[in-house]
Amino acid sequence: MKNNFFKYQAQTTPYAAGFEVERAQGSYIYGKDGRAYLDFVAGVSANTLGHSHPKVVKAIKDQADKYLHVMVYGEYAQEAPVKLCQLLAEATPEPLEVTYLVNSGAEAIDGALKLAKRYTGREEIIAFKNAYHGNTHGALSVAGNEVHKREFRPLLPMIDFIEYDNQSDLEKITEKTACVVVETIQGAAGFITPSENYFINLKKRCVEVGALLILDEIQPGFGRTGKLFAFEHYGIVPDILVMGKGMGGGVPVGAFMSSREIMESLSHSPKLGHITTFGGNPLIAAACLATLEEVLESGLMTLTDEKEQLYRTLLVHPQIKKVNGKGLMLAVDLGTPDFTLAVAKRCIEKGLIVFWQLYRNEFLRISPPLTISNEEITKGCQIILEAIDEVLELDKNY
């Protein structure tokens with residue numbers, strides 16, 4: 001299978017691991033080598049409830065017994081998508097009310113940008129340096145890392161970039177601005193969190209000039225920071241909320257959410273302002289609904305702070321410079337990309353799956369399932385510390 005993986009399936013880098021998966025359950029992925037690997041990545045923040053959560057699996061099976069795809073998005077009323085959108089409205093503050101279901105976080109970003117342009121009648125977009133929002137042309141256009149963009153230009157025009165958490169840069173948001181699109185916690189840059197009042201001042205500036213605030217919650221959303229969405233920590237509500245990854249519990253999905261007034265602008269002049277064949281697919285919606293219900297009802301979010309503090313208590317080593325992030329999205333600074341990649345490789349050899357941050361490879365990514373136990377956290381952190389020592393022992397140059 002590994003040989004055929006490299007032969008027939010398109011790769012995203014020359015360095016794919018080719019890890020052969022047999023099955024996955026809870027906090028573990030089981031390889032075809034017969035070993036169990038503790039998972040500190042959760043499909044890059046996607047497996048909110050761990051692997052193959054029984055309630056998610058049951059929801060998928062029950063829906064599969066009824067029907068799969070029946071009609072293009074927005075035409076037929078189907079139970080699972082309707083219940084999902086209703087529960088999202090009940091679980092989020094006003095004026096968030098109406099949800100547009102799509103296939104991925106990147107598509108949701110594209111839809112949100114279109115919605116902001118359509119509603120405001122403006123063309124300028126403000127995005128952020130070091131931002132990451134996905135890899136469609138629209139999402140890539142508002143990404144803040146030129147290395148990942150330059151080979152795909154031309155991209156969307158009329159986009160200006162400001163610095164995250166820089167109060168003085170807020171003056172660049174003007175009456176010409178349709179929207180400001182920002183990650184509540186910057187992901188690829190190393191899980192960077194905002195300073196106190198930054199988002200309050202950002203939202204205030206948007207209101208002053210009539211620009212819409214789009215918050216990208218694709219990674220922190222669905223409980224990863226101890227709140228359903230990270231913006232709830234910062235005293236604001238976005239005009240448009242974007243979600244994805246963890247909302248599906250392991251299936252591909254995205255969504256953008258807004259007030260009814262704003263969202264309705266996509267339905268006319270022209271109609272089909274955004275259209276997607278498989279967005280709102282009932283199988284996917286059933287998995288999302290089961291995930292959301294479990295996150296809201298299980299008490300998992302109330303344990304997130306305790307688990308974060310356990311990570312911070314255990315991950316102490318002279319080679320660890322700092323630990324960024326919030327809740328169960330943490331980035332461990334190991335100093336250099338080469339050292340971090342060597343530690344990650346050693347961790348996998350020792351039975352722990354870790355990864356690194358897209359833009360800042362010196363950061364080791366930790367984004368486990370919300371269901372991870374304190375015992376599993378302790379076990380995984382011990383492996384990380386052992387891996388650090390073993391890499392240092394093998395190469396004194398570090």
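Sequence positions, counted from 1, serve as the residue numbers for this chain. Quick note: numbers below take in every heavy atom, side chains included, and nothing from hydrogens, waters or symmetry partners.
- The side-chain hydrogen bond (donor to acceptor under 3.5 Å, both in side chains) with Thr225 is formed by just one residue from the set His233, Gln219, Lys326; it is His233.
- Side-chain contact between Leu315 and Ile384 is present, with heavy atoms from C-beta onward closer than 4.5 Å.
- For the residue pair Glu306 / Asn374, a side-chain donor-acceptor distance below 3.5 Å is found, with atom types taken as modelled.
- Taking the six-membered ring for Trp, Phe363 and Phe355 have ring centres at least 6.0 Å apart.
- Exactly one residue among Leu213, Ile125, Val242 makes a side-chain contact (heavy atoms from CB on, under 4.5 Å) with Val181. That residue is Ile125.
- Remark: the Asp39 side chain and the Ser27 side chain contain no N/O donor-acceptor pair separated by less than 3.5 Å.
- More than 12 non-hydrogen atoms from other residues, nucleotides or ligands lie less than 6.0 angstrom from NZ of Lys149.
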Discussion item. Would Leu202 and Tyr234 count as a side chain to side chain contact (heavy atoms under 4.5 Å, CB included) here? Give the steps.
Written reply: CA-CA 11 Å; Leu202 172 58; Tyr234 301 116; over 6 Å; no
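- With no hydrogens or angles considered, a side-chain donor-acceptor pair links Glu124 and Thr177 at under 3.5 Å.
- Counting heavy atoms from C-beta outward, Leu292 and Leu296 have side chains that approach closer than 4.5 Å.
- Other residues, nucleotides and ligands contribute only 12 or fewer heavy atoms inside 6.0 Å of the CD atom of Glu196.
- Linking ILVMFWY side-chain heavy atoms closer than 4.5 Å, directly or via other members, places Tyr132 and Ile192 in two distinct hydrophobic clusters.
- A 4.5 Å side-chain heavy-atom check between Ile240 and Cys179 finds every atom pair outside the cut-off.
- The number of heavy atoms from other shown groups lying within 6.0 Å of CD (Gln309) is above 12.
- Judged purely by distance below 3.5 Å, without hydrogens or angles, the side chains of Gln167 and Asn201 pair a donor atom with an acceptor atom.
- Ile29 and Phe40 end up in different hydrophobic clusters when Ile, Leu, Val, Met, Phe, Trp and Tyr side chains are linked at under 4.5 Å.
- One finds the CD1 atom of Ile348 at 11.5 Å from the CD1 atom of Ile383 (value rounded to the nearest 0.5 Å).
- For the residue pair Asp216/His133, the side-chain donor-acceptor check at 3.5 Å is satisfied.
- Follow the hydrophobic side-chain contacts under 4.5 Å out from Leu140 and you never reach Leu113; the two are in separate clusters.
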Worksheet entry | Evaluation steps, salt bridge (charged side-chain N to carboxylate O under 4.0 Å, His left out), between Lys379 and Glu375 | CA-CA 6 Å; Lys379 175 183 176 181; Glu375 292 75 19; over 6 Å; no
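- Counting only distance, with no hydrogens or angles, the side chain of His268 and the backbone of Pro270 share no donor-acceptor pair below 3.5 Å.
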Discussion item. Applying side chain to side chain contact (heavy atoms under 4.5 Å, CB included) to Leu49 and Leu300, what does each step give before you reach the verdict?
Written reply: CA-CA 9 Å; Leu49 301 176; Leu300 283 170; 3.6 Å; yes
Worksheet item: Could you go step by step and tell me if Asp239 and Lys203 meet the salt bridge (charged side-chain N to carboxylate O under 4.0 Å, His left out) rule?
Response: CA-CA 9 Å; Asp239 298 295; Lys203 173 71 182 219; 3.6 Å; yes
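- No hydrogens or angles considered: a donor-acceptor pair under 3.5 Å links the side chains of Asn166 and Ser168.
- A donor-acceptor pair shorter than 3.5 Å can be found between the side chains of Thr184 and Glu217.
- Here the side chains of Lys321 and Glu362 are not in contact, with every heavy-atom distance at 4.5 Å or above.
- Ring centroid separation for the pair His51 and Tyr28 does not come in under the 6.0 Å cut-off.
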Worksheet entry | Step-by-step salt bridge (charged side-chain N to carboxylate O under 4.0 Å, His left out) determination, Lys176 to Glu123 | CA-CA 7 Å; Lys176 296 180 180 179; Glu123 298 178 355; over 6 Å; no
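- Ile162 and Leu155 are assigned to two separate hydrophobic clusters, defined by single-linkage of ILVMFWY side chains at heavy-atom distances under 4.5 Å.
- Looking at Glu163 and Lys129, no side-chain N of the basic residue comes within less than 4.0 Å of a carboxylate O on the acidic one, giving no salt bridge.
- Residue Tyr76 qualifies as open at atom OH: its count of foreign heavy atoms under 6.0 Å is 12 or below.
- The local environment of NZ in Lys227 is sparse, with at most 12 non-hydrogen atoms from other residues, nucleotides or ligands closer than 6.0 Å.
- No side-chain heavy atom of Thr304 sits under 4.5 Å from any side-chain heavy atom of Arg224.
- Salt bridge absent: Glu293 and Lys55 never bring a charged side-chain N and a carboxylate O closer than 4.0 Å.
- Taking 4.5 Å as the limit, some side-chain heavy atom of Ser258 sits within range of a side-chain heavy atom of Leu115.
- Between the side chains of Thr193 and Asn324, not a single donor N or O lies within less than 3.5 Å of an accepting N or O.
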Discussion item. Set out, in order, the CA-CA distance, both residues' side-chain angles and the distance that settles ring-ring contact (aromatic ring centres under 6.0 Å, His included) for Tyr359 and His148, then state yes or no.
Written reply: CA-CA 9 Å; Tyr359 294 161; His148 289 259; 5.2 Å; yes
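- Between Gly280 and Pro81, the shortest heavy-atom distance links the atoms O-CG, 3.3 Å.
- Partners of Arg153 under the salt bridge (charged side-chain N to carboxylate O under 4.0 Å, His left out) rule, at least two apart in sequence or in another chain, are Glu146.
- Residues Lys58 and Asp62 are paired through a salt bridge, judged by an N-O separation under 4.0 Å between the basic side chain and the carboxylate.
- Here Tyr100 and Tyr73 bring their ring centres to under 6.0 angstrom of each other.
- For the pair Gln78 and Lys83, the minimum side-chain heavy-atom distance is 4.5 Å or more.
- Among all heavy-atom pairs drawn from Thr378 and Leu314, the shortest one is CA-CD1, 3.6 Å.
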Practice prompt. Please assess Phe19 against Tyr37 for the test ring-ring contact (aromatic ring centres under 6.0 Å, His included), listing each intermediate value before the final yes or no.
Written response: CA-CA 11 Å; Phe19 178 89; Tyr37 295 81; 4.9 Å; yes
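- Ring-centre distance between His137 and Phe152: not below the 6.0 Å cut-off.
- For CD of Glu171, the number of neighbouring non-hydrogen atoms (other residues, nucleotides, ligands) closer than 6.0 Å is 12 at most.
- Counted by atom type alone, His53 and Thr371 present zero donor-acceptor pairs between their side chains at under 3.5 Å.
- In the hydrophobic cluster analysis, where Ile, Leu, Val, Met, Phe, Trp and Tyr join through side-chain heavy atoms closer than 4.5 angstrom, Trp356 is grouped apart from Met329.
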Practice prompt. Quick one: do Thr92 and Glu232 satisfy side chain to side chain contact (heavy atoms under 4.5 Å, CB included)? Show the steps, please.
Written response: CA-CA 9 Å; Thr92 51; Glu232 298 174 75; over 6 Å; no
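- Using modelled atom types, one finds no donor on one side chain facing an acceptor on the other under 3.5 Å when comparing His274 with Asp110.
- Under the 4.5 Å side-chain criterion, counting only non-hydrogen atoms from C-beta, Phe231 is in contact with Pro238.
- In Phe6, the CZ atom is crowded: over 12 heavy atoms of neighbouring residues, nucleotides or ligands sit closer than 6.0 Å.
- Residues Arg365 and Ser45 bring a donor and an acceptor atom of their side chains to less than 3.5 Å of each other.
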Practice prompt. Determine, step by step, whether Glu97 and Arg260 satisfy the salt bridge (charged side-chain N to carboxylate O under 4.0 Å, His left out) criterion, reporting the C-alpha distance in whole Å, the side-chain angles of both residues, the deciding distance to 0.1 Å, and the verdict.
Written response: CA-CA 6 Å; Glu97 182 182 9; Arg260 179 171 303 280; 3.8 Å; yes
